[in-house]
Amino acid sequence: MAEQSAGERTEKATPKRVKEAKDKGQVARSKELTTALLLMVASTALYSFSDNMAGSFADLARKAWTPGHKAIYNPYQMVAAVGELFGLVAYAVLPFFIVLFVLALMSPMLTGGMAFSSKALKPQLSRISPGKGFKRMFGMNALIELVKALAKVSVVFLVGYFVLNQSFPKLLSLGSGNVLSGVENAISLVLGSFFLLSLSLLFIAFIDVPYQLWNHAKQLKMTKQEIKDEFKEVEGKPEVKGKIRQLQREMAQRRMMEAIPDADVVVTNPTHYSVAIKYDPMNASAPIVVAKGADVIAMQIRKVALANDVAIMSAPPLARAIYHTTEIDQEIPGGLYMAVAQVLAYVFQLSNYEKGRGERPIEPDNLPIPDDMKF
C-alpha cells in the first residue's frame, strides 16, 4: 500500500515543474474561448467596418467592370489596373484581418499566459505512436471533446432557432422595399444573427476554461517521491551538503588557526573558551577577534598561541562575553572596550618588562563587564 500511495500523483506541482512544463509549451489552453472571442470580434468588426468595406467593394466593382478603352488594349495599363484593384481589396479587408490576427494572438494568453517554446515544435515519436493515438481517440479527453461538440451543436441550434424565429418577420419584409434598403437590412440581420450565435459559444467557454485549468493542474501533479527527488536535485543530497559544510568548517578553522600567530593576546576561560584578539590602530578603530572556539577548538587555539609565543591570559567572564557577542573578523562591541583595553595594556607592559624595559605590571582582575554581556 505504501508503494502504491507513493506512486500516485497527489501533490500539487512545484514551481520548478510548472516552469519546465511551460518551457515545453505545456500550458492551459481553451480552444472554446478562443473560438467564441474570434467569432464575436469578427461579427463586431464586420459591423464596424461594413460601411468602409461596402464603399471599397463598390469602387472595386466599378473599376473592374468599366475599364477604359486604352487599358483594355494596353497590357501595361492592365497590369496597373489589376494592381489598383488588389490595393482596393487590401484597403477594404486589411483592418478586419488585423483585428482578427491580434485577437488570435492575445486570446490564448487569457488562460495560460504567453508561452512560446521551440521544444514544442520538435517532432515527437509519441505523436505518431499507434497506441497513444488510439488512447487519444477513445480516452477520457476524446469523450469530453465529444460532449463539448454535442453541447456546442445543441446550444447553437437552440440560439439559431430563437434568432430565426424572432427575425422571420424581418426576413419576409426584405422584398417589400427598394433594393438598397433591402440589402442594408439583410446585412444588418445577418451580422446581428452572427453575433448572437457567436455569443452563445461563450456559454461553452465559461465551462471549458475552468475545466482546462483544472485538467492542466491535474496533469502536472507529482508523486511524493518526485517532490523528494526534485528537492534533492535543487538543494543537493543531504550527505553531499553535510560534506560541503564539513569542508567549509575545516577551511574556516584552518584560516583561523593561521591568524593566531599575529594575535596580541588569547583570552581564555581555562576549561571551555579561548578568544584571540588583535589590535592594529593603523587599520582598525577597535580590537578585532581573529579566532575563537570552545572545548577542543579552544585547546587547539591555546596550543597554537603557546607555539608562537602569543600571550595567554585567563579572564573567564571576558572570554565568555567576547565568545558570545563577537564573530570572527569583527570588532569587539563598545561595552567591552574598557575590559579589552586593560588586557591589552597589561600584555604590552608585560612584553616591555620581558625585554628589560619598565617594571613588571600587575595582572588586572575584576574587569568591567556589562551586565547584559555576562554569560
**Student:** Is Arg360 paired with Glu354 through a side-chain N to carboxylate O contact shorter than 4.0 Å?
**Tutor:**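 So Glu354 does not pair with Arg360 through a salt bridge.
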**Student:** Would you check if the side chain of Glu226 reaches a backbone N or O of Thr223 as a donor-acceptor pair within less than 3.5 Å?
**Tutor:**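 Yes.
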**Student:** Could you tell me whether the side chain of Ile297 reaches within less than 4.5 Å of the side chain of Lys292, counting heavy atoms only?
**Tutor:** no
**Student:** Under the 3.5 angstrom rule, does the side chain of Asn269 hit a backbone N or O of Arg320 as a donor-acceptor pair?
**Tutor:** no
**Student:** Are the side chains of Thr268 and Val266 in touch, meaning some heavy atoms are under 4.5 Å apart?
**Tutor:** yes
**Student:** Would Phe162 and Gln166 count as a side chain to side chain contact (heavy atoms under 4.5 Å, CB included) here? Give the steps.
**Tutor:** CA-CA 6 Å; Phe162 173 78; Gln166 294 294 321; 3.8 Å; yes
**Student:** Are Val159 and Leu33 linked, directly or through other ILVMFWY residues, by side chains that come within less than 4.5 angstrom of each other?
**Tutor:**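 Looking at the clustering, Leu33 is in the same group as Val159.
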**Student:** Using atom types as modelled and distance alone, determine if a side-chain donor or acceptor of Gln212 lies under 3.5 Å from a backbone N or O of Val209.
**Tutor:**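 Not a single qualifying donor-acceptor pair exists.
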**Student:** Give a yes or no answer on whether the side chain of Asp280 reaches the backbone of Met282 with a donor-acceptor pair at less than 3.5 Å.
**Tutor:**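 Looks like yes, one N/O pair under 3.5 Å.
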**Student:** Say you draw a straight line from CG of Leu213 to CG of Asp208; how long is it, rounded to the nearest 0.5 Å?
**Tutor:**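 If we round to the nearest 0.5 Å, Leu213:CG and Asp208:CG are 9.0 Å apart.
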**Student:** If I take atom CG from residue Leu367 and atom CE from residue Met313, how far apart are they, to the nearest 0.5 angstrom?
**Tutor:**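 Rounded to the nearest 0.5 Å, the CG-CE separation comes out at 5.5 Å.
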**Student:** Do the non-hydrogen side-chain atoms of Lys221 and Lys12 ever get within less than 4.5 Å of each other?
**Tutor:**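 Answer no - side chains too far apart.
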**Student:** Considering only heavy atoms from C-beta outward, does the side chain of Ile277 approach that of Val290 to under 4.5 Å?
**Tutor:** no
**Student:** Rounded at 0.5 Å granularity, tell me how far OH in Tyr346 sits from OG in Ser351.
**Tutor:** 11.5 Å
**Student:** Enter the distance from Ile332:CD1 to Leu318:CG here, rounded to the nearest 0.5 Å.
**Tutor:**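 Answer for the CD1-CG pair, Ile332 versus Leu318, is 8.0 Å.
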**Student:** More than 12 heavy atoms of other residues, nucleotides or ligands under 6.0 Å from CZ of Phe203: yes or no?
**Tutor:**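 No, because the 6.0 Å sphere around CZ of Phe203 holds 12 heavy atoms or fewer from other groups.
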**Student:** Under 30°, 30 to 60°, or over 60°: which ring-plane class applies to Trp214 and Tyr211, parallel, tilted or perpendicular?
**Tutor:** tilted
**Student:** Does the side chain of Pro333 come within less than 4.5 Å of Met373's, by heavy atoms?
**Tutor:**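 Yes. Closest side-chain heavy atoms under 4.5 Å.
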**Student:** Could you grab the distance from atom OG of Ser274 to atom CD1 of Ile312, nearest 0.5 Å is fine?
**Tutor:**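 The OG atom of Ser274 sits 7.5 Å away from the CD1 atom of Ile312.
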**Student:** Run the side chain to side chain contact (heavy atoms under 4.5 Å, CB included) check on Asp262 and Val310 step by step: do they pass?
**Tutor:** CA-CA 8 Å; Asp262 295 328; Val310 177; over 6 Å; no
**Student:** Is the number of heavy atoms from other residues, nucleotides or ligands under 6.0 Å of Ile362 CD1 greater than 12?
**Tutor:**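 It does not: Ile362 CD1 has 12 such atoms or fewer within range.
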**Student:** Can you tell me if OH on Tyr337 sees more than 12 non-hydrogen neighbours from other groups inside 6.0 Å?
**Tutor:**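 Atom OH in Tyr337 is crowded, with more than 12 foreign heavy atoms closer than 6.0 Å.
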**Student:** Ile260, Tyr323: one ILVMFWY side-chain cluster at the under-4.5 Å cut-off?
**Tutor:** no
**Student:** Which heavy atom in Ala339 sits nearest to a heavy atom in Pro368, and how many Å separate them?
**Tutor:**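 Heavy atoms only, the tightest pair is CB-O, 3.6 Å.
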**Student:** Kindly give the heavy-atom pair with the smallest separation between Gly293 and Ala298, and that separation in Å.
**Tutor:** O-CB, 3.5 Å
**Student:** Enter the distance from Leu336:CG to Gln342:CD here, rounded to the nearest 0.5 Å.
**Tutor:**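 Leu336 CG to Gln342 CD: 11.5 Å, rounded to 0.5 Å.
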**Student:** Checking Glu331 against Ser285: is there a side-chain donor and acceptor pair closer than 3.5 Å?
**Tutor:**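 Yes - a donor-acceptor pair under 3.5 Å links their side chains.
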**Student:** In terms of hydrophobic clustering (I, L, V, M, F, W, Y; side-chain heavy atoms under 4.5 Å; direct or indirect links), are Leu306 and Met256 co-clustered?
**Tutor:** yes
**Student:** Tell me if the CG atom of Asn366 is crowded by more than 12 foreign heavy atoms within 6.0 Å.
**Tutor:** no
**Student:** Output, in order, the C-alpha distance, side-chain angles, deciding distance and verdict of side chain to side chain contact (heavy atoms under 4.5 Å, CB included) for Val296 and Gln300.
**Tutor:** CA-CA 6 Å; Val296 177; Gln300 185 66 24; 5.8 Å; no
**Student:** Do Leu201 and Leu37 have side chains that approach each other closer than 4.5 Å (heavy atoms only, starting at C-beta)?
**Tutor:** no
**Student:** Would you say Ser200's side chain and Leu197's backbone share a donor-acceptor pair under 3.5 angstrom?
**Tutor:** yes
**Student:** Determine whether Ile301 and Met257 make a side-chain contact, defined as any pair of heavy atoms from C-beta on separated by less than 4.5 Å.
**Tutor:**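 Answer yes - side chains close enough.
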**Student:** Following the transitive rule for hydrophobic clusters with a side-chain heavy-atom cut-off under 4.5 Å over Ile, Leu, Val, Met, Phe, Trp and Tyr, establish whether Tyr279 and Val347 coincide in one cluster.
**Tutor:** yes
**Student:** Surrounding CE of Met299 (heavy atoms of other residues, nucleotides or ligands, distance under 6.0 Å), is the total greater than 12?
**Tutor:**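 No.
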**Student:** Taking a hydrophobic cluster as the set of Ile, Leu, Val, Met, Phe, Trp and Tyr residues connected by side-chain heavy atoms closer than 4.5 Å, whether directly or through intermediates, do Leu158 and Leu199 fall within one such cluster?
**Tutor:** no
**Student:** Do the non-hydrogen side-chain atoms of Asp329 and Val289 ever get within less than 4.5 Å of each other?
**Tutor:** no
**Student:** What class does the angle between the rings of His324 and Tyr273 fall in, given that below 30° is parallel, 30 to 60° is tilted and above 60° is perpendicular?
**Tutor:** perpendicular
